[in-house]
Amino acid sequence: MPTKQPVPQSQRYSFLDFQREFPDDASCLSFIMRKQFPKGVDCKKCHRVTKHHQLKDRPVFSCDRCGTQISPMVNTIFEHSSTPLRTWFHAIYLMSATRCSISAKQIQRECTVTYKTAWRMFNKIRSLLDETNDGKLSGEVEVDESYFGGKEANKHAIKKQNLGRGPVCKTIVGGAVDRGGRVRALKVPNTESSTLIPFVKEHVLPASMIFTDEHLSYRPLKAN
């Protein structure tokens, strides 16, 4: 039964919000600058935090005291890229806001870039999102558990155990997969709620839509 965990109104970010916040490359660059240097830029030449201004038509900032230049895009996915920052930010918005998986082909259409550029952006952004989310699954995620192990009747006589039929002596594996094909699987000791619910919370982002079967152990997800 699908379980939806809605995002609070205060945390929703629409495409209109995105357009207002990032109307051009300059606003995107300023955002990167603030994120890279939240406490201001410590100028290496002045040996103090100084005010910097952006140079005209260049993605760099210059110290107001000594003129030393810095680029906030160094060591980011934007470094050495000729693609406009606004296009990068649009692609990031699409990949982070879409509940189900998005393809490089869709980025190509939405951002009006070549497929080669869309594919490069897609892979760089995906690696960044995985790092930001600690690799957690997102969007529409299917969760299930299963038993693995051969039948007792097929085992060698020395390994047989007269324990009857069913899941006895089999390994239990909890699994989760999102619509993008990413999988998380882990050996679990049992199928109780106290085991499966923490597994889901550890590997799936809170705002995701989770699909499970009718197993009673998953019912607490409705209240989360």
Side-chain angles (χ1 to χ4, degrees), residues 7-46 49-140 178-182 205 207-208:
V7 179
Q9 184 68 37
S10 60
Q11 297 180 18
R12 295 178 185 175
Y13 189 80
S14 67
F15 184 61
L16 187 59
D17 294 326
F18 167 76
Q19 290 179 307
R20 290 196 191 102
E21 187 172 4
F22 304 108
D24 49 31
D25 281 5
S27 58
C28 296
L29 186 64
S30 295
F31 177 84
I32 298 172
M33 185 70 171
R34 293 194 301 272
K35 288 296 182 180
Q36 289 280 63
F37 307 101
K39 296 182 180 180
V41 182
D42 191 351
C43 180
K44 295 181 179 180
K45 189 173 182 180
C46 296
V49 175
T50 60
K51 185 177 180 181
H52 285 64
H53 66 275
Q54 183 182 351
L55 298 183
K56 184 178 180 180
D57 299 326
R58 294 185 60 191
V60 296
F61 288 77
S62 176
C63 174
D64 284 357
R65 291 175 58 88
C66 67
T68 299
Q69 298 177 7
I70 62 166
S71 173
M73 294 194 294
V74 173
N75 297 324
T76 71
I77 61 175
F78 316 111
E79 188 176 10
H80 305 309
S81 174
S82 59
T83 304
L85 280 176
R86 180 58 164 67
T87 303
W88 271 104
F89 274 48
H90 188 188
I92 292 172
Y93 171 79
L94 291 172
M95 291 184 66
S96 60
T98 306
R99 298 187 67 87
C100 53
S101 61
I102 186 173
S103 66
K105 198 68 178 177
Q106 186 173 347
I107 290 178
Q108 177 190 7
R109 293 192 300 268
E110 297 282 349
C111 298
T112 60
V113 295
T114 64
Y115 183 74
K116 181 179 179 180
T117 297
W119 176 253
R120 175 171 53 85
M121 294 169 64
F122 175 83
N123 281 285
K124 286 184 175 292
I125 295 170
R126 183 169 62 178
S127 66
L128 182 65
L129 291 176
D130 284 345
E131 179 181 329
T132 302
N133 297 333
D134 298 325
K136 290 187 177 183
L137 306 182
S138 60
E140 296 181 347
D178 65 17
R179 296 301 166 89
R182 296 185 302 163
L205 289 177
S208 303

CD on Q36 to CD1 on I70, rounded to 0.5 Å: 9.0 Å
Residue H80 excluded, over 12 heavy atoms near NE2 under 6.0 Å: no
Where I32 and P72 come nearest, the two heavy atoms and their spacing: CG2-O, 3.5 Å
Donor-acceptor contact present, side-chain S30 to main-chain A26, <3.5 Å: yes
Spacing of I125 atom CD1 and I92 atom CD1 [to the nearest 0.5 Å]: 4.5 Å
Pairwise distance NZ(K45) to OG1(T50) - rounded to 0.5 angstrom: 11.5 Å
Least distance between heavy atoms, Q108 atom then T114 atom: CG-C, 4.0 Å
Check: F89 ring centre within less than 6.0 Å of Y93 ring centre: no
Those residues that, when tested against N123, pass side chain to side chain donor-acceptor pair (under 3.5 Å) (two or more places apart): R126
Test log, rule side chain to side chain contact (heavy atoms under 4.5 Å, CB included), inputs K124 and W119: CA-CA 9 Å; K124 286 184 175 292; W119 176 253; over 6 Å; no
Under the side chain to side chain donor-acceptor pair (under 3.5 Å) test, residues paired with T83 that sit two or more places apart: R120
Minimum heavy-atom distance between I102 and F122, given as atom pair plus value: O-CE1, 3.1 Å
Rounded distance [0.5 Å steps], SG in C111 versus CE in M121: 5.0 Å
Distance-minimising heavy-atom pair for S27 and F22: OG-CA, 3.4 Å
Atom pair CG/CZ of L94 and R109 - distance to nearest 0.5 Å: 11.0 Å
V49 to K39 - nearest heavy-atom pair and separation: CG1-O, 3.9 Å
Side chain to side chain, S62 and H53, heavy atoms closer than 4.5 Å: yes
Closest approach of F18 to R86 (non-hydrogen atoms, all atoms of both residues): CE2-NH1, 3.4 Å
Flag side-chain contact, heavy atom, 4.5 Å: Q69 against F61: no
Spatial distance of atom SG (C63) from atom CG (D42) [nearest 0.5 Å]: 10.0 Å
Any W88 side-chain heavy atom under 4.5 Å of I77 side chain: yes
Identified side chain to side chain contact (heavy atoms under 4.5 Å, CB included) partner of P59 from the options Q54, M73, M33: M73
